[in-house]
Amino acid sequence: MSGAVSLVPAASPADGFLSRYEGLTQRLPGMAEPRRAAADILRRRGLPHVREEGWRYTNLAALADVRFHEPLTEASGFVPDTDLPDLDGFDGVPRLVFLQGRFSAAESVLPDAAIVRSFAASAEFGVLPQPERDRLVALNTMLAEDGAIIEVPEDTDAGTLLLVSAGRDIHGTPIAFHPRHTLRLARGARLTVVEIHCGDGQYLNNPVTEITLALHARLTHVRLQNESPEAFHLATIYADVAADASYDSFTLSTGARLARVDVHARLAGAQGHVAINAAQLLRGRQHSDFATVVDHDAPGCASRQTIKHVLADHARGVFQGKIEVAQAAQKTDGYQMNQALLLSPDAEIDCKPQLEIFADDVKCSHGATVGDLDPDQFFYLISRGIPREEARAMLVRAFLGEVLDMVEDERARAMLDRVVDAWWTVPV
Amino acid sequence: MLEIKNLSASIGEKPILRGIDLTVPDGQVHAIMGPNGSGKSTLSYVLSGRDDFTVTGGTATFDGQDLLAMEPEARAQAGLFLAFQAPVELPGVGNANFLRTALNAVRRARGEDELDAAQFLKLARAEARRLQMPDDMLRRNVNVGFSGGEKKRNEVLQMTMLHPKLAILDETDSGLDIDALKIVGDGVNALRAPSFSALVITHHQRLLDHIVPDAVHVLAHGRIVRSGGADLARALEAQGYAQVIAEAA
Ligand SMILES: Nc1ncnc2c1ncn2[C@@H]1O[C@H](COP(=O)(O)OP(=O)(O)OP(=O)(O)O)[C@@H](O)[C@H]1O
Ligand SMILES: [Mg+2]
């Protein structure tokens with residue numbers, strides 16, 4: 001490989017990660033085989049490329065420019081202080097805290113009603129992830145070091161659990177971590193997970209979460225993506241929902257320079273329910289792509305998606321939402337709505353809804369709106385003496401209110417409201 | 001209080017106001033009447049600062065300040081209030097929160113302390129009761145699902161809470177039942193003081209029975225074509241605009 005530089009192919013963003021993997025192989029927990037297979041996939045195909053289906057709007061090339069290191073271990077005696085997020089209102093709520101992707105026993109409080117194991121101790125790669133199709137999942141599979149395996153036993157209400165990830169660079173050196181979480185709710189179990197991502201400096205957070213809900217189980221999943229403005233956040237969630245079970249999720253994305261969230265939800269049993277709601281508040285040159293696939297594989301299920309974007313400056317929001325209704329999934333009720341508020345002429349929204357319906361008795365609707373603040377509403381507010389910034393904030397909050405109101409957990413809602421309020425402290 | 005000289009304004013290329021002269025002294029209430037489309041609402045928008053209209057000439061002075069140079073929010077903070085002919089609905093914005101934000105913005109501008117939620121609610125409830133508005137109108141979203149008359153009462157509630165120096169009421173009487181008309185009249189009369197003036201745009205004499213104006217002006221084709229005392233309104237009601245406008249021409 002010396003000499004003819006011009007013949008060397010351009011570095012793929014995956015190369016750096018592959019060489020990390022080669023250096024780490026002996027130290028990674030669990031079976032080696034899935035990791036080897038994942039590495040093969042990345043070697044063959046690299047990371048997703050803008051010419052691929054599903055990646056037209058989001059370019060991962062920027063990842064190639066960063067030389068990520070692995071997080072340091074406590075043994076190195078060199079672990080930087082990491083600020084935890086504001087957890088006001090969650091006093092006494094059990095929490096699993098991950099610093100730079102590694103479980104911190106010192107910061108965590110284990111739940112009583114749920115069983116928690118660590119991925120580092122008993123690595124499980126699960127059954128839902130598809131590393132061949134989803135190459136960020138291959139990346140995670142290849143390098144995952146830690147994560148939480150959370151199980152709620154039959155007919156148990158395990159209350160609320162915080163899942164906190166705080167990232168940061170190490171004295172300016174970017175780091176990458178690939179948490180691997182599993183959430184399993186047995187028949188009739190209930191759990192609310194409030195997942196918070198925050199951090200400082202430049203890093204990559206690439207979590208994969210596998211969720212399995214048995215008959216009648218209910219999971220409420222509130223996610224706050226408030227990563228550092230220099231961070232990369234690439235999250236993949238798989239949820240398998242059995243009969244009469246419910247997966248109710250909400251994501252507020254407001255951090256990271258580049259974010260992509262993939263949610264694959266499958267309604268596997270009759271009368272299941274899935275809600276994938278989200279709000280994205282972006283400014284500067286932030287880019288955030290929210291991509292969902294909802295598979296209706298059983299009859300009588302409902303899926304609900306309301307996605308709202310508030311985009312300022314040069315920010316770019318993306319929503320790609322696919323609903324697939326199998327032939328057996330009669331009486332499916334699917335709803336998808338994407339709405340964007342563009343606060344600047346340079347902001348951009350891309351929206352790609354896709355419906356693939358193979359059953360004949362279904363109700364599926366989707367819609368999209370893009371707009372500016374309503375000038376009549378804005379004038380009404382300022383004509384009452386309300387300063388423009390405040391008027392703008394009021395109308396944006398009103399726009400977001402419809403989706404934020406879907407978060408029923410009061411503490412989680414209060415936390416999200418604080419983040420939305422704080423968004424305005426930096427003038428747009 | 002308000003001095004308008006030769007004010008012209010257009011929307012796009014279309015001239016709407018064509019040289020308005022109008023002076024409303026401190027403490028006085030003037031009525032503006034005129035046919036549909038003559039420019040009454042346009043005048044109220046231009047005075048409150050809507051930017052869809054381009055001022056093409058003339059001046060407007062409010063309390064000695066160059067009104068047209070001020071931003072709409074600054075005009076409101078200086079004491080100008082417009083009760084809209086068609087108030088907009090604000091889904092997702094609570095009426096109480098809206099009113100308190102507006103009131104505190106105006107109070108800050110006047111150098112007064114802001115009101116906390118409890119102080120505000122006490123005041124707002126008392127005022128709403130005086131206007132015979134149901135209590136839940138403060139809890140609802142601004143104007144959303146309000147009946148036509150409820151929207152107008154909500155405008156009057158905002159006016160009495162914000163305590164402006166100059167209120168422009170654009171057909172606040174339209175859509176009001178007979179009792180509400182009296183309540184609105186009382187609302188304006190309660191503000192009457194040497195430091196308060198009002199410009200009341202209306203099509204009907206009836207409101208002017210409650211708010212007796214110091215002067216009545218007829219606006220037609222973007223100009224004031226006739227001015228007179230309170231009896232001019234009665235004459236208009238009896239004769240219609242055609243004759244008055246023809247006489248002026
Ligand atoms: N956005 C606009 N585009 C075009 N023309 C407009 C616009 N707004 C107002 N106009 C025109 O300006 C003229 C004056 O309208 P304005 O609303 O001021 O009338 P008005 O005197 O208030 O009438 P009314 O008694 O019906 O309320 C009308 O001919 C109207 O059609
Ligand atoms: Mg009008």
Side-chain angles (χ1 to χ4, degrees), chain A residues 250 252 277-281 306-310 337 339-341 343 345 367 369 371-408 413-414 416-418 420-421 423-425 427-428, chain B residues 44-53 70-95 97-110 112 114 141-144 151 154-155 157-159 161-165 167-168 170:
Chain A
F250 176 85
L252 174 61
N277 298 315
Q280 308 213 88
L281 259 70
T306 299
I307 317 291
K308 298 220 179 195
H309 314 252
V310 176
M337 178 53 83
Q339 296 185 314
L341 197 54
L343 298 180
T369 65
D372 199 343
L373 289 180
D374 182 290
D376 292 335
Q377 296 182 336
F378 185 68
F379 182 70
Y380 193 69
L381 292 174
I382 60 173
S383 79
R384 297 304 182 239
I386 297 174
R388 331 192 127 229
E389 280 311 316
E390 224 171 320
R392 202 145 45 159
M394 284 173 86
L395 292 179
V396 169
R397 261 190 225 111
F399 170 78
L400 290 175
E402 191 201 340
V403 67
L404 284 169
D405 284 348
M406 294 175 185
V407 177
E408 284 171 14
R413 172 65 196 264
L416 298 175
D417 282 341
R418 286 198 299 276
V420 172
D421 287 346
W423 199 70
W424 291 97
T425 59
V428 176
Chain B
S44 75
Y45 284 143
V46 169
L47 293 177
S48 55
R50 254 201 102 119
D51 58 10
D52 329 28
F53 300 92
M70 296 160 77
E71 295 292 348
E73 60 274 32
R75 300 182 196 195
Q77 289 163 9
L80 182 79
F81 180 89
L82 167 63
F84 286 76
Q85 179 173 358
V88 295
E89 301 188 357
L90 301 176
V93 179
N95 207 17
N97 176 41
F98 159 65
L99 254 177
R100 182 157 86 96
T101 309
L103 181 56
N104 280 338
V106 167
R107 289 180 67 98
R108 269 197 310 270
R110 289 188 200 133
E112 295 167 6
E114 295 190 25
N141 287 338
V142 181
N143 296 329
V144 178
K151 284 182 184 167
N154 202 35
E155 295 293 289
L157 173 68
Q158 293 166 48
M159 178 181 75
M161 295 283 296
L162 296 177
H163 239 281
K165 284 190 207 157
I168 304 169
D170 189 357

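Atom set for the values below is all heavy atoms of this structure, side chains included, hydrogens, waters and symmetry mates excluded. Below, chains carry the letters A, B, ... as their sequence lines are ordered, and counting in each starts from 1. As the structure is a prediction and not an experimental result, all values here were calculated from the model.
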Taking NZ, NE, NH1 and NH2 as the nitrogens, is one of them in B/E71 or A/R388 under 4.0 Å from a carboxylate oxygen of the other? yes
Flag the one option from B/N141, B/T101, B/V106, B/V93 with the top tally of heavy-atom pairs under 4.5 Å to chain A. B/T101
NE2 of A/H309 to CG of A/L281, rounded to nearest 0.5 Å, is 11.0 Å
Tell me whether the rings of A/Y380 and B/F98 are parallel (<30°), tilted (30 to 60°) or perpendicular (>60°). parallel
Taking the side chain as every heavy atom from C-beta outward, state whether B/Y45 and B/D52 have any pair of such atoms under 4.5 Å apart. no
Among B/G94, B/A102, B/A105, which residue has the highest count of heavy-atom pairs closer than 4.5 Å to chain A? B/A102
Honestly, the part of B/L162 sitting under 4.5 Å from a heavy atom of chain A is side chain
Considering only NZ, NE, NH1 and NH2 on the basic side and carboxylate oxygens on the acidic side, decide whether B/E89 and B/K151 come within less than 4.0 Å. yes
Is A/R413 salt-bridged to A/D405, cutoff N-O under 4.0 Å? yes
Report which part of A/L395 has an atom under 4.5 Å of a heavy atom belonging to chain B: side chain, backbone, both, or neither. side chain
Is A/E390 close to chain B through its backbone or its side chain, or both, or neither, when contacts mean heavy atoms under 4.5 Å? side chain
Under 4.5 Å, counting heavy-atom pairs only, tell me which of A/L381, A/D374, A/I386 racks up the most with chain B. A/I386
Given a strict heavy-atom distance threshold of 4.5 Å, which part of B/R50 is in contact with chain A: side chain, backbone, both, or neither? both
